[in-house]
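What follows is a single structure, written as structure tokens, with notes after it.
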2 protein chains.
Amino acid sequence: MTTQTDYFDRPLRADAERNRAKILDAAAIVFADLGLEATLDQVAAAAGVGVGTVYRRFPDKDALIGALFENGVDEIANLASSADTMENSWDALVWFLEQALSRQCVNRGLREIVAGSPYAEARLDQAKCRIAPAVELLIERAQRDGYLRDDLVTTDFMILEMMISLLGNKTSHVAPDLWRRYLTIILDGLVVSRSAPSVLRQLPADSIMSDALGSVHRHARRHN
Amino acid sequence: MTTQTDYFDRPLRADAERNRAKILDAAAIVFADLGLEATLDQVAAAAGVGVGTVYRRFPDKDALIGALFENGVDEIANLASSADTMENSWDALVWFLEQALSRQCVNRGLREIVAGSPYAEARLDQAKCRIAPAVELLIERAQRDGYLRDDLVTTDFMILEMMISLLGNKTSHVAPDLWRRYLTIILDGLVVSRSAPSVLRQLPADSIMSDALGSVHRHARRHN
DNA sequence: CTTAACCGGAGTTTGTAACTCCACTTAATT
DNA sequence: AATTAAGTGGAGTTACAAACTCCGGTTAAG
């Protein structure tokens, strides 16, 4: 893969290529932690280069974000498709939610793109449109098989996913797995019937949370 | 009630008092719609006064917010206490959640304060500390009576409330009652056991949502 | 009629983030 | 090793937004 940004096919100079990689790596981390509002100055600092270098390689912030999350988004789309090959439809649905959420909860930038941020481009929107139909199949199968309550629609899952991933981002720095607790609770609410709650005890809860809740809230506004 | 802001007890001039009321009324609406980031210029415009007038009456933004939400927060605290007088403990818990959420979902400013915004002061934090113990009683009662799964703690409810009210704010302008749909689902996940899901059909869903979801996301960033 | 309180809103201050510019450095080619 | 186009850092520019001030003109109250 001979990466280049310019109009014509001249390979980048060795140091330039090296820096491009450093920038991409740093941006991945910075946007994952701080979300898409992170400054390109922050990215540059994290990469150990000057801002100028970032702008030489990527025309603007959107371009960098586009290059960075191209994969991430249709990785999620693929998760939905491959979940659909599992034999048990409830397991498939749960597996998909866990996989998708574990990615979005750990990566604030990805969550913001999937949730539809101002930085997302047409190219990414396209991939996002591939997610909905695939999820719809998962839902319909689980409903036909009598696992999932049948008064739910695709958008319900978009919203529930949004709620959980938002929480996931807010708590990822103090209790990275806390979101699973609420996914479990919500899944218990989505099922047609059950005689007992799913196990929750092994998931993080009170101890971490009570101290953390304050810092979560404080963390909510200005980042880093 | 002879309102005044100055150090010594001189009643405000008639027009000043009138404006103070206009400002408070306007601020209530503006902060409810736009959240606490709303500009005092916006408040002034909504009140039909100049910014100067706002600043003459309230030393700064925090003071205005303080004066405005003093009640709101401990109204919620009172809800918890009065829920505790209901005979059925499950109904009490559900009633409290519905009441508290219906207030926070319709009022973005209130939600931000309860969630712990930078504008909240010690005075408000104090009231918030009154909420937690009262809710704890509700929870323990519902658990003792075998309604509520017993692996839940107070902070779980704080978090679930945060998740729902956040959604409520995001969707209040297109589907004011949508949050009830997810409260219902979550309650179905909190109950010890059930043979069927609670009724969901009469709550808003697909029709409104699919169009709205986009505008919700777009609305997420810069307001108004 | 006097005057202290009040009013509006243009303007100031402060802060932030995207992005540019250019003197200097360096990889690649001859 | 000389040449040079490509690349680099980071101070500086531009743009914008929001909190808050200032003051010439207005008005309620005694």
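Lettering follows sequence order; numbering is per chain, from 1. Every value quoted in this text rests on a predicted model; they were computed, and no experiment measured them.
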### Query
For the pair made of CD in Gln42(A) and C1' in dA18(C), what is the distance, rounded to whole Å?
13 Å

### Message
Given dA11(D), dC7(C), dC20(D), identify the nucleotide with an atom nearest to the side chain of Val51(A).
### Response
dA11(D)

## Note on the structure
Of Ala14(B) and Gly52(B), the one whose closest nucleotide on DNA chain D sits nearer the 5' end is Gly52(B)

#### Entry: Atom-pair distance (OH on Tyr55(A); P on dA18(C)), nearest Å
6 Å

### Query
CZ of Arg56(B) versus C1' of dT21(D): gap in Å, rounded?
12 Å

### Message
To the nearest 0.5 Å, what is the distance between CG on Leu166(A) and CE on Met163(B)?
### Response
8.5 Å

### Query
Just how far, in rounded Å, is C1' of dT21(D) from NZ of Lys61(B)?
17 Å

#### Entry: Closest to side chain of Ala16(B), choosing from dC6(C), dT20(C), dA19(D)
dC6(C)

### Query
How many Å lie between NZ on Lys22(A) and P on dT8(D), as a whole number?
9 Å

### Query
How long is the line joining CZ of Arg18(A) and P of dG9(D), in whole Å?
11 Å

#### Entry: Base dA5(C) to side chain Arg13(B), donor-acceptor N/O within 3.5 Å cut-off
yes

### Message
So does Tyr119(A) get a backbone contact from the side chain of Lys61(A), meaning a donor-acceptor N/O pair under 3.5 Å?
### Response
no

### Query
Picking from dC6(C), dA18(C), dG7(D), which would you name as closest to the side chain of Arg57(B)?
dC6(C)

### Message
With a 4.0 Å cutoff (strictly under), does any side-chain N or O of Asn19(B) reach OP1 or OP2 of dC6(C)?
### Response
no

## Note on the structure
Residue pair Asp62(A)/Thr53(B) against DNA chain C: nearer the 5' end by closest nucleotide is Thr53(B)

### Query
Which nucleotide sits closest to the side chain of Asp15(A): dA27(C), dG8(C), dC20(D)?
dA27(C)

### Query
Given dT8(D), dA19(D), dA6(D), which nucleotide is nearest the side-chain atoms of Arg10(A)?
dA6(D)

### Task
Give the rounded distance in Å between these two atoms: CZ of Phe58(A) and P of dA18(C).
15 Å

### Message
Show, in sequence, the C-alpha distance, side-chain angles and deciding distance for Gln99(A) and Arg103(A), and conclude whether the side chain to side chain donor-acceptor pair (under 3.5 Å) test is met.
### Response
CA-CA 6 Å; Gln99(A) 293 296 316; Arg103(A) 281 161 181 74; 3.0 Å; yes

### Message
Is it the case that atom CD in Glu140(A) sees more than 12 heavy atoms from other parts of the structure closer than 6.0 Å?
### Response
yes

### Minimum side-chain heavy-atom gap Phe96(A)-Asp84(A) below 4.5 Å
no

### Query
When the distance from CZ of Phe31(B) to C1' of dA19(D) is rounded to whole Å, what number comes out?
12 Å

### Query
Which residue lies toward the 5' end of DNA chain D, Gly48(A) or Leu40(B), if each is placed at its nearest nucleotide?
Gly48(A)

